[in-house]
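What follows is a set of notes on a single structure, which appears directly below.
Hydrogens, waters and symmetry mates play no part in the numbers below; they use all other heavy atoms, side chains included.
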Protein chains: 2
Amino acid sequence: MNLPAKHPSPRPGQKERRLAREKRILEAAEKVFAEAGFGGATMQLIADMAGLPKANLHYYFPTKEALYRQVVENIFQIWLRAADVFDSADGPAEAIAAYIDAKMEISRRHPAGSKVWASEVMHGAPVIQDYLEHTLTEWTEGRAKVIERWIAEGRMDRVNPHHLLYMLWATTQHYADFNHQIETLNGGKPLSDAQWEEAKASVKQIILAGIGIDASNL
Amino acid sequence: MNLPAKHPSPRPGQKERRLAREKRILEAAEKVFAEAGFGGATMQLIADMAGLPKANLHYYFPTKEALYRQVVENIFQIWLRAADVFDSADGPAEAIAAYIDAKMEISRRHPAGSKVWASEVMHGAPVIQDYLEHTLTEWTEGRAKVIERWIAEGRMDRVNPHHLLYMLWATTQHYADFNHQIETLNGGKPLSDAQWEEAKASVKQIILAGIGIDASNL
DNA sequence: AAAATTCTTGACCAATTGGTCAACTGGTGT
DNA sequence: ACACCAGTTGACCAATTGGTCAAGAATTTT
């Protein structure tokens, strides 16, 4: 055990410093991978953005692939945490509304991570195929069953649960992946706070009405 | 003028042969750019896939950027042609249903082109920013006005036209960009004909109901 | 204070990249 | 038969890439 840190870190401490360095590198890497794609990203660019010599990156992450893999796994963890809110409510209205809010917030706060994820899947998921086949598949099938139960209970219209989930993913993710296009169509300005609220409200309005749920009491 | 070609090309002819070669290169390029991204794609890979020596590519397309630009412009033309069907009907139900069908068909028939387009926009639209600012902006504003008129005429619910359009783009494009994920969740098999029909039907069902349109008579 | 461990970094390397070029081929018009 | 020109191609080049390494600086442990 280490002596200091009765109170949280008056001085850095080795473990914390290492984690802070890694975090700094990962944030730079996320941005560069999002902007340039895996192939277009260079270790030198990531190093510059992190303010470190390139050789130092290789001390913390042995290869470009390893660094990329860590970035992808991190965003997948965020994705999974948002998925939890789907189960936090007991009815379709609250569950889906909360899920849309959570995913829209990810698109807003982690646009780079979302783009890396999209890029990874678009290129055939070379590094996270396992996650797709196991974690994501299980989550999806579980939620599809929940939706089918809601339908059977008459709490929402009869729709194909998988395609409903695809629509939720597609629509919310679009605000991150295509934010440049949205910004251009918004007169070159990023969406304001109010516009983000309207985006969330619009998505919820159309999808909830689309599956036969009265959202007026949300 | 060239002597042959009273009737359309009994023998290739120089112009046709050139176009055929370019088409072959463009198809190979589209695939490689879609699979590897601009940065990850190499002229050698494209040449191999087209079955031509690399130096020959540079005869038809001087640089990698020029080749990429042509690929992106081609898919944008397809995109624009699909956009036309939005105006082919006079009511929101038929127009939006036809538009969804057209865009879903693009996702199905041109997955590579769709991915290239998504990748281009995701990376800040370095080569087609002009198209976004002019052609796309005009189309979008025009269609938004049409939707607002439909709303004013009481033919659909009051929704934000821009976010409705984003949802249409996002949802339909998702079936191309994330087809690998969808395939994985479909047991590793591509969607069958019947599953594609169900996908189209599901998208139309939810979105049309979502904007207050009874689609039972379509 | 000295030994041991962790971290930092400039210099370097082999491999790959986009692109060039000069020599060659083959068809077309005269 | 000849000249002409679009098309083809292997060999080549400068620049960039991911990654290595050994020498040194910091920090922790003894």
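The pair K200(A)-E197(A) meets the salt-bridge criterion, with a side-chain N (NZ, NE, NH1 or NH2) lying under 4.0 Å from an Asp/Glu carboxylate O. The existence of a salt bridge linking R18(B) and E22(B) is confirmed by a sub-4.0 Å separation between a basic side-chain nitrogen and an acidic carboxylate oxygen. Salt-bridge annotation for R69(B) and E73(B): present, with a side-chain N of the basic residue lying under 4.0 Å from a carboxylate O of the acidic one. We find that D193(A) and R108(A) are joined by a salt bridge, their nearest charged nitrogen and carboxylate oxygen being less than 4.0 Å apart.
When the P atom of dC21(D) is taken as reference, atom NE2 of H58(A) falls 12 Å away, rounded to whole Å. Between the CD atom of E65(A) and the C1' atom of dG18(D) there is a distance of 9 Å, rounded to whole Å. Whole-Å rounding puts the I46(A) CD1 to dG19(D) P distance at 10 Å. The CE-C1' distance, from M43(B) to dT20(C), rounds to 13 Å in whole Å. If you measure from atom CG of L19(A) to atom C1' of dT6(C), you get 15 Å, rounded to the nearest angstrom. One can place CG of D48(A) at 12 Å from P of dG10(C), the figure rounded to the nearest angstrom. dT20(D) atom P lies 15 Å from atom NZ of K64(A), rounded to whole Å. Taking atom CD on E22(A) and atom P on dT8(C), their separation rounds to 11 Å, with Å as the unit.
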Please tabulate the protein-to-nucleotide N/O contacts below 3.5 Å involving nucleotides 8-13 of chain D, giving atom names and distances.
| unit_1 | atom_1 | unit_2 | atom_2 | d |
| --- | --- | --- | --- | --- |
| dT8(D) | OP1 | R21(B) | NE | 3.4 |
| dT8(D) | OP1 | R21(B) | NH2 | 3.0 |
| dT8(D) | OP2 | N56(B) | OD1 | 3.4 |
| dT8(D) | OP2 | Y60(B) | OH | 2.7 |

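Looking only at distances, a side-chain donor or acceptor of K64(B) sits under 3.5 Å from a matching main-chain atom of A41(B).
At a threshold of 4.0 angstrom between heavy atoms, the contacts of A47(A) with the nucleic acid are absent.
Using cut-offs of 30° and 60° for the angle between ring planes, the F76(B) and W79(B) rings count as parallel.
The shortest distance between the side-chain N/O atoms of R18(A) and the OP1/OP2 oxygens of dT6(C) is not below 4.0 Å.
Annotation: the span from I206(A) atom CD1 to L168(B) atom CG amounts to 8.0 Å, rounded to 0.5 Å.
Checking P62(B) against T42(B), the closest nucleotide of DNA chain C that is more toward the 5' end is the one next to T42(B).
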